[in-house]
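For the single chain, residues carry numbers from 1 onward in sequence order. Just so you know, these numbers use all the heavy atoms, side chains as well, and skip hydrogens, waters and symmetry mates.
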Amino acid sequence: MAGRALQDGCLQVGEGPATTSLLCGFCQFDEELDHPILSSLPSSLRLRLQDLGSEPWLAATLKLIALEANFNGQGSNAILNRLIETIAIQSTRTLNAQPSEDAQTGFIAALADKSLARAITQIHRAPEQNWQVTSLAEVAGMSRASFARHFIRRVGKSPMEYVRDWRLMRARSLLTDTNLSSDEIATRCGYNSLPSFSKLFKKRFGMGPGTFRKNGERE
């Protein structure tokens, strides 16, 4: 149906009296990060208030976004940015409750698995720990072999591959958002020496930590 722009910035489609309000936004991800949760997300996710009876916190956040957008007061942009991030997290969480053919696989399903979630949470909280498949299996409360098979089936990569990737993603974030030295970042991300950290970082991202930080400062 044809539409036309109105003076007040609205778009009229059709001739009926019904109105629909749309609140549009977007989330931008670092394209160099290859986290399995990104590949697990659908191409689009529609949120409608009438469908959110079982998700009152999500409905409340959507209403708060609309109120803050209309208020447009001091600090509104900062508040809206945080609320949009909250919506992205809450929306991802609702995917666990939506039936689909892939409901039992993928990173989101792994987070819904209490055993795997315990191991993944510890990796995120303490990337500096000397994690091994055996120690992660203990955290998950599973045997080593069972944990390794289960992790690969759900997450799509082995536990140690996930540890490696998380450490490098964490290092990339620290290089961007902090003034910590490369040595300190290497230590915080589980690397005993700066040369080994730099070698792995360059292999993954195509440049060493120092060059990556300098490029970011010039942008």
Side-chain angles (χ1 to χ4, degrees), residues 25-43 77-78 80-82 84-89 91-93 105-111 113 116-140 144 147-219:
F26 75 96
C27 290
Q28 183 175 348
F29 300 99
D30 188 337
E31 296 181 358
E32 289 295 327
L33 299 184
D34 184 24
H35 194 280
I37 197 170
L38 298 182
S39 60
S40 298
L41 295 176
S43 58
N77 286 340
L80 287 171
N81 285 339
R82 298 299 177 267
I84 291 296
E85 290 176 0
T86 301
I87 284 292
I89 296 170
S91 300
T92 302
R93 185 171 59 186
T105 61
F107 186 79
I108 294 175
L111 293 180
D113 185 303
L116 293 183
R118 283 196 296 269
I120 292 172
T121 297
Q122 288 305 309
I123 294 171
H124 288 191
R125 286 179 176 173
E128 75 280 1
Q129 293 293 323
N130 183 26
W131 293 116
Q132 301 295 330
V133 177
T134 300
S135 57
L136 289 170
E138 291 176 355
V139 172
R144 184 185 188 281
F147 170 74
R149 289 195 302 269
H150 199 45
F151 196 98
I152 292 173
R153 184 169 64 250
R154 286 295 180 88
V155 179
K157 60 178 65 177
S158 73
M160 297 314 298
E161 287 176 328
Y162 186 83
V163 170
R164 176 203 63 200
D165 290 348
W166 178 256
R167 285 171 171 169
L168 291 175
M169 285 189 285
R170 180 60 179 155
R172 185 181 172 97
S173 177
L174 291 173
L175 285 166
T176 302
D177 300 330
T178 75
N179 292 319
L180 294 172
S181 68
S182 294
D183 286 285
E184 177 64 22
I185 290 173
T187 300
R188 291 193 180 196
C189 294
Y191 297 99
N192 294 325
S193 70
L194 180 58
S196 62
F197 164 61
S198 299
K199 181 179 180 180
L200 286 170
F201 191 94
K202 184 175 183 178
K203 182 178 180 181
R204 174 63 181 84
F205 298 114
M207 65 184 74
T211 302
F212 174 80
R213 171 170 274 173
K214 290 178 181 178
N215 287 348
E217 291 174 350
R218 288 198 295 267
E219 292 178 356

Review point. Is any side-chain heavy atom of Phe147 less than 4.5 Å from a side-chain heavy atom of Thr134?
Key: no

Review point. Looking at residues at least two apart in the chain, or sitting in another chain, which of them share a side-chain contact (heavy atoms from CB on, under 4.5 Å) with Arg167?
Key: Pro127, Trp131, Val163, Cys189, Tyr191

**Study point:** Residue pair Trp166 / Ile120, side-chain heavy-atom distance below 4.5 Å
**Key:** no

Review point. According to the interplanar angle, ranging from 0 to 90°, do the rings of Phe205 and Phe201 count as parallel (below 30°), tilted (30 to 60°) or perpendicular (above 60°)?
Key: tilted

Practice item. List in chain and number order the residues that pass side-chain contact (heavy atoms from CB on, under 4.5 Å) with Ser181, two or more places apart in sequence or in another chain; answer none if no residue qualifies. Key: Asp183, Glu184

Check your understanding: Got Phe212 and Asn215 here, is their nearest side-chain heavy-atom distance under 4.5 Å?
Key -> no

Revision key, fill the gap. For Thr187 and Glu128 the tightest heavy-atom approach is O-CB, 3.5 Å

Revision key, fill the gap. Value for CD1 (Ile185) from CZ (Arg188), rounded to nearest 0.5 Å, stands at 8.5 Å

Practice item. Can you see which heavy atom on Ser182 is nearest to which on Leu175, and at what distance? Key: OG-CD2, 4.3 Å

Exercise for review: Report the distance from atom CG of Leu136 to atom CD1 of Ile123, rounding to the nearest 0.5 Å.
Suggested key: 4.5 Å

Review point. If you round to the nearest 0.5 Å, how far is OG1 of Thr86 from CG of Leu80?
Key: 11.0 Å

Point to revise | Phe197/Leu194 under side-chain contact (heavy atoms from CB on, under 4.5 Å): CA gap, chis, key distance, verdict | key: CA-CA 5 Å; Phe197 164 61; Leu194 180 58; 3.8 Å; yes

Review point. Is atom CZ of Arg170 surrounded by more than 12 heavy atoms (other residues, nucleotides or ligands) closer than 6.0 Å?
Key: no

Check your understanding: Rounded to the nearest 0.5 Å, what separation is found between the CZ atom of Arg172 and the CZ atom of Arg204?
Key -> 7.5 Å

Point to revise | Distance (rounded to the nearest 0.5 Å) between Ser135 OG and Arg144 CZ | key: 10.0 Å

Check your understanding: CD/Gln132 to CD/Glu138 distance, rounded to the nearest 0.5 angstrom?
Key -> 11.0 Å

Review point. Is the CG atom of Asp177 crowded by more than 12 outside heavy atoms at less than 6.0 Å?
Key: yes

Check your understanding: With a 4.5 Å limit on heavy-atom distance, are the side chains of Met160 and Val133 in contact?
Key -> yes

Study note, to complete from the structure: Closest non-hydrogen atoms of Leu174 and Arg213, given as atom of the first, atom of the second and distance, are O-NH2, 3.6 Å

